[in-house]
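For reference, the structure discussed in these notes is given below.
Values below: all heavy atoms of this structure, side chains included; hydrogens, waters and symmetry mates excluded. Being a predicted model, the structure only gives us computed values, none of them experimental.
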Amino acid sequence: MLGQEACVHINSELHPTPYEASTFSFEFIWDMKKQGVPGAVIVKNYCDEEFFVNTITLDIVPGYGTIVFTAESWVYPDEIYDHLPRVFFSNQPYLPNQMPAPLVPYREEELRNLRGDDNPGPYKDHDRVYRYDVYNDLGEPDSGNPRPVLGGSDEHPYPRRCRTGRRRTNTDPDSESRNVGFPLTNHFYVPRDEVFNDRKKAYFDTNNLKLYIMQKYATFLLHADQQTPFEFDSFADVLSLYDEGSINLPGWLNTFLQPLLGIIPFKLLQQVLTPDSEFILKFPMPAVIREDKTAWQTDEEFAREMLAGTNPVVIRRLGETEFPPKSKLDTSKYHNQNSRITAAHVEKCLEVEGLTVEQVLADGRLFILDHHDHFMPYLLDANHQPDTFVYATRTLLFHRNDGTLQPAAIELSLPRFEAGSTLISSVGEVYTPASDGVEGHIWQLAKAYVTVNDYSWHQLVSHWLNTHAVMEPFAIATHRQLSVAHPIHKLLHPHYRDNLFINALGRQSLINAGGSSENTVFLGKYGLSMTSEVYRNWNFTEQALPEDFIKRGVAKRRSNGELELLIKDYPYAVDGLAIWSAIETWVRDYCAIYYADDAAVQGDAELQSWWKDVREEGHGDLKDHKWWPEMKTVAELVQSCATIIWIASALHAAVNFGQYMYAGYVPNRPSVSRRPMPKPGTDLYRELELHPEKEFLLTITKQDLSIAGIALVELLSSHSDDEVYLGQRDSPNWTSDLDAMNAFDRFRERLLEVEKNIVAKNDKGSGFKNRTGPVNIPYNLLFPYASGDAEANTGVTGKGIPNSASI
């Protein structure tokens, strides 16, 4: 039943700034006795332009008080929608079979519109269509720069992205045209409600401007007084990039960039402008060198960052039967790939505690950072690229009595073809810790080669694939199959915020052909193909944190089912388990409100369609794997939703927001290596002995790409001032269900308790050495910031868990 139409007259001069909202008052004529409780509001736009509707609130509803309709949506002129109504439901959640009958047709029609299965595109800004597509927009075949289509084939499996419907390229009918213009503007479709709001877009564009300048003009910005053109000659040269050592742009480049002042708000441009409105590029001092300029070089810090740095999700325990480490590469293609590390190599660092390899293996105290199999298949191609010479690495580490890790041996390997065969074998050497003379410099280089591997795996897999890419299908499926009135939609929606848009921006200028990733990560154009191979073995259930720890052998289950960490001082694991427990409890409490038993899960038509969409469409290349939950029980629903929330929030925070702290100083986390390890008796070896800093810097990322890479990780590591953190919601009226709100309040209280525990553990008197390490960086990447103010945490802070993977 419809009430009478109420009109609101909008004055176009009501918005003095882009961020201000306007509030309007109006009256509805509604007969409660005849028409019942208002359950939805129809909004029509008779203006010439779109407007954004945040909330609609009905006050003094007889018998109900206040009813809130959260819209958070752009509404375009009525004629664009062919006069179909935009419908916004009240905040009361309903399972499909509980929806008041008069509202059911509106609920079903809204989902049909969002699915848009009868609309192939190309889509315009006003379209509200969530359809799937493969990654066929990374290359530019018409310009002679193609890339493989990822997804939809056995050769290149991949998660799906949001469809744009753009035309196909002329030279490759399987690839979609990109239509990319100036990098600081977007040239792609995502549903308008998924686009950054004005505030976040202004903040992002300001940082993106800095990145753009650095990538395009780095070679013109370099200091001219250096001994080696376009290279760092010393660590002091690198330090000159930060704070007082800012980079000033030459006059001609300032003139070229002046038109950008009209694109980005001046207030936000102040960080890259002088008082005279000249561009100046400033890098803040990375935390890893803020207090001590050399502590990053210690073995303890090198190992600690595997537990508390930017990529703490790869290290695993070596089992008793796994020494020496074995390769799992296909033996029909690869030969002689097992490790050359022997007991004699490892026992050099065990002598202090009087142990043998057999003893530490039996005690679960030998760990490995194993990138050998990750990169060996790609090195023949990658090392043919300019300025690239990379090894596949294995690093063995010993868990010492004081709780820290000691690197025991590093193996560097290269591929080669077996004589008279197509089999790829490996050649390599093992290096052990040294601190004096040229042997000490060799050891520093060995650690750098390891870090190059780890940097690339982190950017492409730990960050991009395992958070951003795998999350997008869940977001699309939720909009396609779960009504906004569905309780699971309300549970998960905050964890998709801006994900589709940031991923689309990534396809435009980060992971595309010639993008930032290809230019700064050593795999170059082979990087995304590698992630496709990794995705082939992706397993959704193993993304749950406890399952990940069990798989990597860094934890075991006690007889009572509780998890026991084998490294007690493992900051990511300790804080992660506390966050996971809070998320899982919150999801369990929430789902219990709406699903009394397993039959309720099985009988929820929208929920079943959602999970079918996720499995068969969004992650369709893996649909036949047996590990997929069947979604027949409340327990499966709880575990699945908790895993989705974990990936989007805490996992992403752990692998993203520490990037500048550690990789902002390139010597600590170089993205590429360019020269082989010096051999005794060679000129390189003699130069290393005489000029260790210069030779180290000539081996890792070159100067222009270093500057571009620093700008990139600064952008990625920055919190925007509109961030919504775990334990927070965009709106206090996200639901009208008091039981759900009470459960959420309990969730927030648990997170506040986690925050207190993190502060206590980070205290230097706590005895947890790995939480700060030699560089004295407290581990706050999994500090929820549930009680915090977003504006106070803007920029590179290394603290806070946003709800979603939105940067």
Side-chain angles (χ1 to χ4, degrees), residues 1-3 28 30 35-43 53-58 61 64-75 84-116 128-130 191 193-194 474-497 587 590-596 600-614 631 637 641 644-645 729-744:
M1 298 177 119
L2 295 177
F28 282 115
W30 184 265
Q35 297 174 296
V37 180
V41 173
I42 293 175
V43 176
V53 180
N54 194 333
T55 57
I56 301 168
T57 304
L58 300 184
V61 178
Y64 287 87
T66 299
I67 299 177
V68 179
F69 305 78
T70 298
E72 295 180 350
S73 182
W74 288 93
V75 178
L84 293 173
R86 285 298 312 277
V87 179
F88 300 104
F89 298 105
S90 75
N91 287 354
Q92 176 62 42
Y94 294 104
L95 293 177
N97 60 0
Q98 297 170 342
M99 193 79 170
L103 299 178
V104 170
Y106 293 103
R107 178 169 177 154
E108 293 175 346
E109 180 64 22
E110 175 75 355
L111 285 175
R112 278 193 295 272
N113 291 336
L114 293 173
R115 284 193 289 269
R128 301 171 58 240
V129 173
Y130 294 81
D193 293 346
E194 307 299 325
F474 291 99
I476 297 170
T478 298
H479 285 289
R480 285 172 55 83
Q481 303 295 349
L482 295 178
S483 165
V484 294
H486 197 289
I488 299 303
H489 187 289
K490 291 183 179 295
L491 172 70
L492 297 178
H493 184 257
H495 304 288
Y496 305 138
R497 184 180 191 245
V587 174
Y590 183 86
C591 289
I593 299 169
Y594 305 101
Y595 297 95
V601 171
Q602 297 166 25
D604 184 339
E606 285 185 11
L607 186 73
Q608 295 302 319
S609 294
W610 168 65
W611 197 243
K612 186 175 187 290
D613 223 44
V614 166
M631 203 54 69
L637 175 62
C641 290
I644 291 169
I645 294 172
R729 288 276 175 151
D730 270 320
S731 168
N733 299 309
W734 63 277
T735 182
S736 61
D737 190 326
L738 290 179
D739 288 338
M741 294 183 73
N742 290 336
F744 188 74

Pairs involving residues 603-613, ordered by first then second residue, that meet salt bridge (Lys or Arg N to Asp or Glu O under 4.0 Å) (sequence neighbours left out):
R107-E606, R480-D613, K612-E616

For R115, give me all partners under side chain to side chain donor-acceptor pair (under 3.5 Å), at least two apart in sequence or on another chain.
Q481

Closest contact, heavy atoms only, P732 versus M741
O-CE, 3.5 Å

Smallest separation among heavy atoms of S483 and L111, with atom names:
N-CD2, 3.8 Å

For H489, what residues pass the side chain to side chain contact (heavy atoms under 4.5 Å, CB included) criterion, not counting sequence neighbours?
T478, H479, L482, V484, H486, H493

Under the side chain to side chain contact (heavy atoms under 4.5 Å, CB included) criterion, do Y64 and L58 qualify, and how do the steps go?
CA-CA 10 Å; Y64 287 87; L58 300 184; over 6 Å; no

Residue set satisfying side chain to side chain donor-acceptor pair (under 3.5 Å) with D737, at least two apart, ordered chain then number -> Y594

Applying side chain to side chain contact (heavy atoms under 4.5 Å, CB included), name anything that partners L114, two or more places apart in sequence or on another chain.
E110, R128, Y130

Can you check whether P93's main-chain N or O pairs, donor with acceptor, with Q98's side chain at less than 3.5 Å?
no

Which atoms form the tightest heavy-atom contact between W734 and R729, and what is the distance?
CE3-NH1, 3.5 Å

Given side chains that start at C-beta, do those of I488 and C591 come closer than 4.5 Å, heavy atoms only?
yes

Kindly compute the distance separating CG (N733) from CD1 (I67), expressed to the nearest 0.5 Å.
12.0 Å

If the condition is side chain to side chain contact (heavy atoms under 4.5 Å, CB included), which residues does E72 pass it with, not counting sequence neighbours?
F52, N54, T70, D730, S731

Find out whether W611 and V601 are in side-chain contact, i.e. whether some heavy atom of one side chain is under 4.5 Å from a heavy atom of the other.
no

Under the ring pair (Phe, Tyr, Trp, His ring centres under 6.0 Å) test, residues paired with F28 that sit two or more places apart
F26

Minimum-distance pair of heavy atoms, taken over all atoms of A101 and P105:
O-CD, 3.4 Å

Derivation of the side chain to side chain contact (heavy atoms under 4.5 Å, CB included) call for Y94 and F89:
CA-CA 10 Å; Y94 294 104; F89 298 105; over 6 Å; no

Are the side chain of W30 and the backbone N or O of G36 linked by a donor-acceptor pair below 3.5 Å?
yes

Could you tell me the separation between the OG atom of S736 and the NZ atom of K490, rounded to the nearest 0.5 Å?
7.5 Å

Which heavy atom of W610 sits nearest to which heavy atom of C641, and what is that distance?
CH2-SG, 4.5 Å

Using the test salt bridge (charged side-chain N to carboxylate O under 4.0 Å, His left out), find all partners of E109 that sit at least two apart in sequence or belong to another chain.
R112

Restricting to side chain to side chain donor-acceptor pair (under 3.5 Å), what partner residues turn up for D193, sequence neighbours left out?
S73

T57: side chain to side chain contact (heavy atoms under 4.5 Å, CB included) partners, not counting sequence neighbours
T55, D59, T66, V68

Can you sort out the partners of Y590 under side chain to side chain donor-acceptor pair (under 3.5 Å), two or more places apart, ordered by chain and number?
none

Tell me every residue that passes ring pair (Phe, Tyr, Trp, His ring centres under 6.0 Å) with F474, counting only those two or more places apart in sequence or in another chain.
F540, H619

Between the CD1 atom in I645 and the CG atom in L491, the distance rounded to the nearest 0.5 Å is 4.5 Å

For P191 and V129 the tightest heavy-atom approach is CG-O, 3.5 Å

Quick one, V53 with F69, criterion side chain to side chain contact (heavy atoms under 4.5 Å, CB included). Give me CA distance, side-chain angles, the key distance, then yes/no.
CA-CA 10 Å; V53 180; F69 305 78; over 6 Å; no

